Amino acid sequence: MVDSLSLKPEAAAPAHAPAVKRGRGRPRPPRGSLRSRREAWAAHLFLVPWFLGLFLITIGPIVASLYLSFTDYSLLDEAKWVGLDNYITLFTEDPRFWTSLKVTTIYVVVSVPLQLGFALGLALLLDRGLRGLSFYRSIYYLPSLLGGSVAIAILWRKIFGADGLVNAVLAIFGIQGTSYVNNPDTALGTLILLHVWTFGAPMVIFLAGLRQIPGSYYEAASIDGAGTLQQFKSITLPLLTPIIFFNLVLEVIKSFQSFTQSFIVSNGTGGPTDSTLFYTLYLYTKGFKDYEMGYASALAWVLVVIIAGLTGVNFLASKYWVFYGDSK
């Protein structure tokens, strides 16, 4: 019989003994070591080009523009500090500022809903499972890539000109057309049509959102007797509201920044009678034609405030109509 008193327990590891690291990877060097400092310097070195671009190309011009908005600067002479004079003149003595703001607001309010509605309708058609969907998706996306180009703006001016394609088609039915781009009543409408035509980007986003809606929802609704319209109203539209909100914010911002279409169609004048005077075109005219760079900087900052304010309003209002999962 083995004497139990002769059995000695194994010596316990001292409390101060360091824990043994397990794993095949190399241990991380301690903080403050030469190797860790070298790695930090290497990371900072690789970030230098990004920081140079951030400060020299982004933050630097923004700060300079903010300073110039309080000066009288003509690109040729030294900037002179005038305080709030540019902003006071802009709001109280410049009727073209209000005209450009009115034209741009009408453009945004009319063109953005039409474009998003058209894009959503086309996305619903493509979501039915057409053959060659990728081909159609690529073709319909092309207008978004080309719509802001100078070539398309020139082509648009030709189409809606006195001898353009629109009047050629109307002549077949015995209708005498006019130059729509030179008519104050229709010139802005041609630019709105051009914006609606660039529906490709929101359409592709809508189509991606439609593909994320489970088909079981529609099957259950069909069993309950819901028709196509009721399914769209009760299933598709609520689940698609985050995508609608995303497209709405992007298109509002992009529409307020529209410039090329107005510049090309009106030959840089905003005519006829300022009917196509976009805000950005007026800003360009003040800065690079009249050489009032300080005044143009003030116009730019007013536009920044307008866009930021509208974006904030959209986000605040989204809680009343955008549906996220189980909450609204």
Side-chain angles (χ1 to χ4, degrees), residues 37-94 96-98 100-101 103-105 107-108 112 144-145 147-150 153 195 198 201 246-264 268 270 277-316:
R37 290 197 298 269
R38 287 178 177 176
E39 290 179 353
W41 276 108
H44 294 156
L45 184 62
F46 281 110
L47 286 173
V48 166
W50 184 86
F51 278 111
L52 288 177
L54 175 65
F55 287 101
L56 297 181
I57 300 177
T58 304
I59 296 180
I62 289 175
V63 174
S65 173
L66 181 60
Y67 167 75
L68 290 176
S69 69
F70 298 100
T71 65
D72 181 10
Y73 181 50
S74 63
L75 285 178
L76 303 177
D77 300 324
E78 186 178 355
K80 299 178 181 178
W81 183 267
V82 295
L84 296 175
D85 287 357
N86 288 331
Y87 293 95
I88 295 174
T89 302
L90 190 149
F91 285 106
T92 61
E93 302 178 12
D94 190 353
R96 295 197 79 195
F97 162 73
W98 294 106
S100 65
L101 188 59
V103 170
T104 306
T105 302
Y107 174 78
V108 173
V112 170
S144 291
L145 298 178
S149 64
V150 174
H195 184 76
T198 60
F246 176 78
N247 278 330
L248 177 64
V249 171
L250 288 186
E251 291 303 322
V252 167
I253 295 174
K254 186 173 71 172
S255 299
F256 265 101
Q257 297 174 334
S258 296
F259 169 78
T260 305
Q261 304 91 323
S262 175
F263 181 82
I264 298 299
L277 184 64
F278 283 2
Y279 192 97
T280 51
L281 178 57
Y282 184 52
L283 190 157
Y284 167 84
T285 301
K286 280 296 183 182
F288 296 97
K289 286 189 176 181
D290 299 337
Y291 297 105
E292 298 180 18
M293 192 58 67
Y295 195 81
S297 298
L299 285 168
W301 276 97
V302 170
L303 180 61
V304 169
V305 172
I306 291 173
I307 293 177
L310 289 176
T311 303
V313 169
N314 280 331
F315 272 93
L316 290 176

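Keep in mind the model is a prediction, meaning the values are calculated, not measured.
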A.B. asks: On a heavy-atom basis, which atom in Thr71 and which in Asn86 lie closest, and how many Å separate them?
C.D. replies: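 Closest approach of Thr71 to Asn86: O-ND2, 2.8 Å.
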A.B. asks: Could you state the interatomic distance from OG1 (Thr285) to CG (Leu277), rounded to the nearest 0.5 Å?
C.D. replies: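 Interatomic distance, Thr285 OG1 to Leu277 CG, rounded to 0.5 Å: 6.5 Å.
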A.B. asks: Measure the CG-OG1 distance between Leu52 and Thr58 for me, rounded to the nearest 0.5 Å.
C.D. replies: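 With rounding to 0.5 Å, CG (Leu52) is 11.5 Å from OG1 (Thr58).
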A.B. asks: If you measure only the distance, is there a donor-acceptor pair under 3.5 Å linking the side chains of Ser69 and Tyr87?
C.D. replies: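 The criterion, which ignores hydrogens and geometry beyond distance, is satisfied for Tyr87 and Ser69.
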A.B. asks: Measuring from atom CG of Leu299 to atom CG of Leu303, what distance do you get when rounded to the nearest 0.5 angstrom?
C.D. replies: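 Going from CG on Leu299 over to CG on Leu303, the span is 9.0 Å.
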A.B. asks: Looking at CG of Leu68 and CH2 of Trp301, how far apart are the two atoms once the value is rounded to the nearest 0.5 Å?
C.D. replies: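 Reported value, rounded in 0.5 Å steps: 11.5 Å.
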A.B. asks: Hey, could you give me the CG/NZ distance between Leu90 and Lys286, rounded to the nearest 0.5 Å?
C.D. replies: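 Reported to 0.5 Å precision, the distance equals 9.5 Å.
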A.B. asks: What closest approach, in Å, do Leu75 and Met293 show between heavy atoms, and which atom pair accounts for it?
C.D. replies: CD1-CE, 3.6 Å
A.B. asks: Look up atom CZ in Phe278 and atom CG in Leu283, then write down how far apart they are to the nearest 0.5 Å.
C.D. replies: 14.0 Å
A.B. asks: Does any non-hydrogen side-chain atom of Tyr282 lie less than 4.5 Å from one of Asp94?
C.D. replies: yes
A.B. asks: Start with the C-alpha gap between His195 and Ser255, add the side-chain angles, then the distance that decides, and say whether side-chain hydrogen bond (donor to acceptor under 3.5 Å, both in side chains) holds.
C.D. replies: CA-CA 8 Å; His195 184 76; Ser255 299; 3.2 Å; yes
A.B. asks: Could you check whether any side-chain heavy atom of Thr311 comes within less than 4.5 Å of a side-chain heavy atom of Val252, counting everything from C-beta outward?
C.D. replies: no
A.B. asks: Has the side chain of Trp98 got a donor or acceptor atom that lies under 3.5 Å from a matching backbone atom of Phe91?
C.D. replies: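 Yes; judged by distance alone, with no hydrogens or angles, the pair exists.
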A.B. asks: Side-chain contact, heavy-atom cut-off 4.5 Å: Ile306 with Leu101?
C.D. replies: yes
A.B. asks: List in chain and number order the residues that pass ring-ring contact (aromatic ring centres under 6.0 Å, His included) with Tyr295, two or more places apart in sequence or in another chain; answer none if no residue qualifies.
C.D. replies: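 Not a single residue meets the ring-ring contact (aromatic ring centres under 6.0 Å, His included) criterion with Tyr295.
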A.B. asks: What are the two closest heavy atoms between Pro49 and Phe46, and how far apart are they?
C.D. replies: CD-O, 3.4 Å
A.B. asks: Within the distance-only criterion (no hydrogens, no angle test), does the side chain of Thr260 pair as donor or acceptor with the backbone N or O of Val150 below 3.5 angstrom?
C.D. replies: no
A.B. asks: How close do Leu281 and Ser262 get, heavy atom to heavy atom, and via which atoms?
C.D. replies: CD2-OG, 3.2 Å
A.B. asks: For the side chain of Ser65 and the backbone of Pro61, is there at least one donor-acceptor N/O pair under 3.5 Å apart?
C.D. replies: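 No.
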A.B. asks: Using the six-membered ring wherever Trp is involved, compare the ring planes of Trp41 and His44 and label them parallel, tilted or perpendicular (cut-offs 30° and 60°).
C.D. replies: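 Taking His44 first and then Trp41, their aromatic rings stand perpendicular (interplane angle over 60°).
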A.B. asks: What is the minimum heavy-atom distance between Lys289 and Gly268, and which atoms define it?
C.D. replies: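 Minimum heavy-atom separation between Lys289 and Gly268: NZ-O, 3.1 Å.
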A.B. asks: Should we say atom CZ of Phe288 is surrounded by more than 12 heavy atoms from elsewhere, each under 6.0 Å from it?
C.D. replies: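 Not buried by this count: 12 neighbours or fewer within 6.0 Å.
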A.B. asks: Is there a donor-acceptor pair closer than 3.5 Å between any side-chain N or O of Thr104 and the backbone N or O of Tyr279?
C.D. replies: yes
A.B. asks: What's the shortest heavy-atom distance between Glu78 and Tyr73, and which atoms?
C.D. replies: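 Heavy atoms of Glu78 and Tyr73 come nearest at C-CD1, 4.3 Å.
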A.B. asks: Hey, what's the ring geometry for Phe70 with Trp81, parallel, tilted or perpendicular (30° and 60° as the breaks)?
C.D. replies: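 Parallel: the ring planes of Phe70 and Trp81 meet at under 30°.
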